[in-house]
Amino acid sequence: MSTPGPRTLAPADTPSWRQRRLDPDHSLGLRLTLAATAAFLVLVPFALLALLVLGAWPPLRRLDTTVTDALHGYALDHSAWVTLMRGWTEVFGPMPLRAVALLVVIWLLRRGARRLALWVTTTMVVGGLMGPLLKLLVGRDRPELLDPVARAAGYSFPSGHALNATLTAGVLLLVFLPYAGRGAWRVGLWVAAVLLTVVTGLSRVALGVHFASDVFGGWLLGAAVVAATTAAFTSWRAHTGLRPVRPARDGVAPEVERHPGEA
């Protein structure tokens, strides 16, 4: 009778998949899980808002109508306000903002930061494609006003201006945070990013070419795209042996400031 050989057992302390995802010692799994969760949590409100828009939920419709009527009435009585909003919405429209992003990509490529340039390109392209696709899927008409101060073609939800402003503000913020130091420049960069996003969205409602929920949807979708691509880039960094970062504090590639070819 043969004696059975020794059994090979898995180490008792081998962490499960779930433990690895939440274990601080497994930084890649933890950071990627937290970043992916953040992206998901931003995308959920957008999906809920899209469903409410598709279903023409009466409370949302009433809120949109109330805001649109109030801002339109103000615009009719204040021509200077209309001129300001028209100028802002033209200067910070999707095409000018994409041109700025393209210049940033070219600058990064000249510095040898190919992966960071790819992240900027991916973020802008993915968000830029999702906007028109969702407009077609939702098919929401723009506000109908008796005496409009501005006109725009196409469907309404989500706002392309709000979406692209959020994408560009997120990209510029996360690329240039390492150059801003720790003082007033950092605060100024955050303030500029918020102003670009908020005022661009406000201009579309003020001109009567979007409902407030269109703009809010553009903001949410843009934030979700930036969060998702940042999560992917964070994972990519870890695989190359670069130190972990907190994007909201350090940017996505802080080493580019001193060592351009590393990202």
Side-chain angles (χ1 to χ4, degrees), residues 31 34-43 45-46 84-85 87-89 91-94 96-105 107-108 111 113 115-124 126-128 131 158-206 212 215-234 237 242-258 260 263:
R31 291 178 183 278
L34 293 177
T37 301
F40 176 76
L41 291 177
V42 176
L43 191 57
F46 172 80
L84 175 62
M85 291 293 97
W88 186 284
T89 202
V91 171
F92 298 104
L97 292 179
R98 289 168 187 161
V100 171
L102 178 59
L103 291 176
V104 172
V105 168
W107 175 72
L108 290 171
R111 289 177 61 85
R115 285 177 295 187
L116 186 55
L118 178 59
W119 172 75
V120 173
T121 303
T122 300
T123 302
M124 296 300 297
V126 170
S159 165
H161 279 69
L163 168 61
N164 282 276
T166 305
L167 293 172
T168 307
V171 161
L172 296 180
L173 179 67
L174 296 179
V175 168
F176 291 108
L177 268 176
Y179 300 87
R182 299 290 178 183
W185 284 106
R186 175 173 291 264
V187 175
L189 188 58
W190 272 99
V191 170
V194 172
L195 282 177
L196 170 61
T197 304
V198 172
V199 180
T200 301
L202 172 63
S203 71
R204 305 306 286 166
V205 186
V215 168
F216 195 56
W219 288 338
L220 287 173
L221 181 60
V225 171
V226 171
T229 59
T230 300
F233 190 76
T234 300
R237 284 178 53 88
L242 295 172
R243 69 177 179 86
V245 295
R246 295 180 181 177
R249 184 193 67 185
D250 307 320
V252 290
E255 64 279 348
V256 172
E257 180 191 6
R258 295 184 177 85

Item to complete: Kindly indicate whether the side chain of Leu97, heavy atoms from C-beta on, has any atom under 4.5 Å from the side chain of Leu196.
Response: yes

Worksheet item: Could you state the interatomic distance from OG1 (Thr230) to CZ (Phe233), rounded to the nearest 0.5 Å?
Response: 9.0 Å

Response to the item:
Tightest non-hydrogen contact, residues Gly127 and Leu167, listed as CA-CD1, 3.6 Å

N/O donor-acceptor pairs under 3.5 Å from side chains in residues 168-178, not counting sequence neighbours:
| residue | atom | partner | partner atom | Å |
| --- | --- | --- | --- | --- |
| Thr168 | OG1 | Asn164 | O | 2.8 |

Discussion item. Would you say that Leu202 contacts Val215 through its side chain, given a criterion of any heavy-atom pair below 4.5 Å between the two side chains?
Written reply: no

Worksheet, complete the sentence: Closest non-hydrogen contact found for Leu195 with Trp88 is O-CZ2, 4.0 Å

Response to the item:
Here the pair of heavy atoms bringing Gly217 nearest to Pro158 is C-CB, 3.9 Å

Discussion item. What's the separation between atom OG1 in Thr122 and atom CZ in Arg115, rounded to the nearest 0.5 Å?
Written reply: 13.5 Å

Item to complete: Quick one: closest heavy-atom pair of Val120 and Leu108, and the distance?
Response: CG2-CD1, 4.0 Å

Discussion item. Just to verify, what does Thr89 make a side-chain contact (heavy atoms from CB on, under 4.5 Å) with, not counting sequence neighbours?
Written reply: His161, Ser203, Arg204, Leu207

Worksheet entry | By ring pair (Phe, Tyr, Trp, His ring centres under 6.0 Å) - contacts of Phe216 (at least two apart) | none

Discussion item. So which atom in Gly201 and which in Trp219 form the shortest heavy-atom distance, rounded to 0.1 Å?
Written reply: CA-CZ2, 4.0 Å

Worksheet, complete the sentence: The reported gap from CZ in Arg98 to CG in Leu103 (rounded to nearest 0.5 angstrom) is 14.5 Å

